[in-house]
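Down below is the structure, laid out as structure tokens.
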Amino acid sequence: MSKRFYLTTAIAYPNGKPHMGHAYEAIASDAIARFKRLDGFDVRFLTGTDEHGLKIAQAARDAGIDPRAYVDGTSQPFIDLDRQLGISFDRFIRTTDDDHKALCQQLWQRMAANGDLYLGRYEGWYSVRDEAYYEEAELVAAVDAAGNPVKLSPQGTPVEWTVEESWFFRLSAYADRLLALYAEHPEFIQPTSRFNEMRAFVAGGLSDLSMSRTSFDWGVPVPGSPGHVMYVWVDALANYLTGAGGLDGEWWPADLHIIGKDVTRFHTIYWPAFLMSAGIALPKTVFGHGFVLNRGVKMSKSDGNVVDPAAMAARFGVDRLRWFLLREVAFGEDGSYSDEAIIERTNADLANGIGNLAQRALSMVAKNLGGAMPAPGPSHGAAALAESLTALTEAYFAAMNALQLHRALEAVMLMVNAANGYFAENAPWSLAKTDTQAMANVLHATLDATRRIVLLVQPFVPDSAGRLLDQLGVAADARQFSDFDAVVATGTQLPAPAGVFPRWSEAA
RNA sequence: GGCAGCGUAGCUCAGUUGGUGAGAGCGCCGGAUUCAUAACCCGGAGGUCGGCAGUUCAAAUCUGCCCGCUGCUACCA
């Protein structure tokens, strides 16, 4: 059986700078990608930017430059952020890439060939100045110069009832098939709360979907229909196919789409319907993660609490930020972050926990054994420790495979507690004076427990874990999960220990 | 308004199909220790399990009502 795994993030809309939400999604997805690679899978990891649509066109016009030049500039910070955060993507797709535009048109033709696209009319309240349609409920009542009541857009611009030619997708014909999909594959939408919402939405009936626009031209042209560009979501969702290698790409179907909970509908209703229409296999799972809020409050420029993730990563270090977001926030739920919370969490887990565990054992090996890795041997409580580590490792894998990233790290921290407890109970610093062999046995068991722990945290703090494994004498080619039982050879010369996870103190 | 969910120790939350005296982490207090990044280890405090009323031999766990909070309720993404 081929162990392959294709996962994607949602693609970011680069009409502004990346915020913490982008960093969070990228980091979580990256941890999963790295986990799968360590677990022996061939992984394809796709991320990118969604560069078409009205808002981009407007922003480019406001900036007085060509849309393509505009997105060339605004997509770069997203790429830079990914690189800074160590996101191990295989491709950073941009929807303005030529191969993607070609694929969109192929997808469109497949849906058309299946009879699911038809030309109709889209009607609504349209603001010429905003180049946008608004819902009746969004309109604001006002009074014109002559004292007559009028309706205005949320931006205060005039709106008029407008009829526009548009291609439509027969989404209404897919409700039953979608409900059957949900019933057969409840894992298709996660977490459960999102699953229930989407199922209820579909059960309430579906209307056909407007699939093209004629009011602006910054998009993928509809084949054979001059003046029409595709609705941005057709273009956006199709990126996953492009990234898989095409309509019949070698990586398709995707195993996992990681998305923000706000775009669940597009990914779990429209997307599978499009694919069914085109006769293409469906992704296995769509996971809608929650939002991370600054001190529990949504970020807004007016509140002055917008946080730049690049600055945050630069300040605390990439691995501290990664660890905090994935350990502190229940994956799937909303979370809150603050400087204090990041410092407290990472000091407790990384400095006092993993880092200190490694340091206390390594320093004893350096001082008492000349830095040579001791041989395994019996010690009090070693069996219980091993049993505990095995059970918790199983819990880690179960949690990871269920996308419960925070649970996986919880299991890791219990392993750290077990190892620290074993170490304290045996007090090797006392054995150093009475029974050097017994001391060496305890140090071996502790270092091996640490090795196992650090192997497991590689997906979360890849850089730090790598440096820690160096210190533990673990060969670069012995860091896969399949190497879990490959103990470091007796006598291996360990480098002089140096703290990998320094404690953060505000004064310093 | 409709549908769904939530409200458990200061904080963040676990609590299977109702049943030994209600839990974890962080924070706090005390003890022990000195290998280690003033870290680690052990122990403790503490909460009317949102409120009221029911069902039951027995409810945080079921039912009803009330209070508070959140999500979804289609074409900006």
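Just so it is clear, the model here is predicted, and its values are computed rather than measured.
Each of A/Ser210 and A/Glu197 was matched to the nucleotide of RNA chain B holding its nearest heavy atom; the match closer to the 5' end belongs to A/Glu197. The nearest heavy atom of RNA chain B to A/Leu54 and to A/Leu414 marks one nucleotide each, and the one closer to the 5' end goes with A/Leu414.
Taking atom CD1 of A/Ile269 as the reference point, atom C1' of B/rC72 lies 10 Å away to the nearest angstrom. Distance CZ (A/Arg170) to C1' (B/rC75): 17 Å, rounded to an integer number of Å. Here B/rC72 presents its P atom at 18 Å from CZ of A/Arg199, a figure rounded to the nearest Å. Rounded to whole Å, the distance from CZ on A/Phe201 to C1' on B/rC75 is 9 Å. Remark: P of B/rC11 and CD1 of A/Ile342 are 21 Å apart, rounded to the nearest angstrom. A/Leu409 places its CG atom 17 Å from the P atom of B/rC13, with the value rounded to the nearest Å. Atoms CG (A/Asp349) and P (B/rC26) sit 9 Å apart, rounded to a whole Å. To the nearest angstrom, P of B/rC72 lies 6 Å from CZ of A/Arg194.
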field: Sequence-aligned protein contact record of nucleotides 33-42 of chain B, with B where the base is within under 4.0 Å of a protein heavy atom and S where only the sugar-phosphate is
entry: SSBBB-SBS-
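Across all strands, A/Gly205 comes closer than 4.0 Å to base atoms (heavy-atom distances). Note on A/Tyr13: only backbone sugar-phosphate atoms sit closer than 4.0 angstrom, heavy atoms only; bases stay farther off. When heavy atoms are screened at a 4.0 angstrom cut-off, A/Leu443 is found touching no nucleic acid atom at all. Nucleic acid contact for A/Asp50: sugar-phosphate only, since backbone atoms but no base atoms lie under 4.0 Å from a heavy atom of the residue.
Two rings, from A/His228 and A/Trp108, have their centers 6.0 Å or more apart. The six-membered or imidazole ring of A/Tyr337 lies away from that of A/Phe324, with a centre-to-centre distance of 6.0 Å or more. Two rings, from A/Phe331 and A/Phe287, have their centers less than 6.0 Å apart. Aromatic pair A/Trp504/A/Phe316: ring centres closer than 6.0 Å.
With no hydrogens or angles considered, a side-chain donor-acceptor pair links A/Glu425 and A/His380 at under 3.5 Å. With 3.5 Å as the limit, one finds no donor-acceptor pair spanning the side chains of A/Thr95 and A/Asn239.
B/rG46 and B/rG23 are spaced 12 Å apart, taking the C1' atom of each and rounding to whole Å. B/rG15 and B/rA60 have their C1' atoms separated by 8 Å, with the value rounded to a whole Å. Comparing the P positions of B/rA24 and B/rU63 gives a spacing of 29 Å, expressed to the nearest Å. Spacing between B/rG21 and B/rA4 at atom P, rounded to whole Å, works out to 36 Å. B/rC67 sits 11 Å from B/rC52 when the C1' atoms are compared, rounded to a whole Å. Rounded to whole Å, the separation between the P atoms of B/rG19 and B/rC62 comes to 11 Å. Spacing of P atoms, B/rC40 relative to B/rC26, comes out at 8 Å, to the nearest Å. Comparing the P positions of B/rU61 and B/rG7 gives a spacing of 11 Å, expressed to the nearest Å.
Among residues two or more places apart in sequence or in another chain, the side chain to side chain contact (heavy atoms under 4.5 Å, CB included) test is passed with A/Glu410 by A/Arg327, A/Arg407. Here A/His52 pairs with A/Trp218 under the ring pair (Phe, Tyr, Trp, His ring centres under 6.0 Å) rule; sequence neighbours left out. Qualifying ring pair (Phe, Tyr, Trp, His ring centres under 6.0 Å) partners for A/His22, counting only residues two or more places apart in sequence or in other chains: A/His19, A/Phe78.
Side-chain proximity of A/Glu344 to the nucleotides B/rA74, B/rC26, B/rA77 is greatest for B/rC26.
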- prompt: Once Watson-Crick and G-U wobble pairs under 3.5 Å are found, how is RNA chain B written in dot-bracket notation, 5' to 3', with | for any base paired to another strand?
  reply: (((((((..((((.....[...)))).((((.........)))).....(((((..]....))))))))))))....
Donor-acceptor pairs under 3.5 Å, side chain of residues 427-440 of chain A to any protein atom, not counting sequence neighbours: which ones?
residue, atom, partner, partner atom, Å
A/Asp435, OD1, A/Gln437, N, 3.3
A/Asp435, OD1, A/Ala438, N, 3.0
A/Gln437, NE2, A/Asn441, OD1, 3.0

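Between A/Arg265 and the phosphate of B/rU73, there is a side-chain N or O to OP1/OP2 separation shorter than 4.0 Å.
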query: Should A/Tyr270 and A/Phe169 be marked as a ring-ring contact (aromatic ring centres under 6.0 Å, His included) after you check the CA-CA gap, both sets of side-chain angles, and the distance that decides it?
result: CA-CA 10 Å; A/Tyr270 300 172; A/Phe169 174 73; 8.6 Å; no
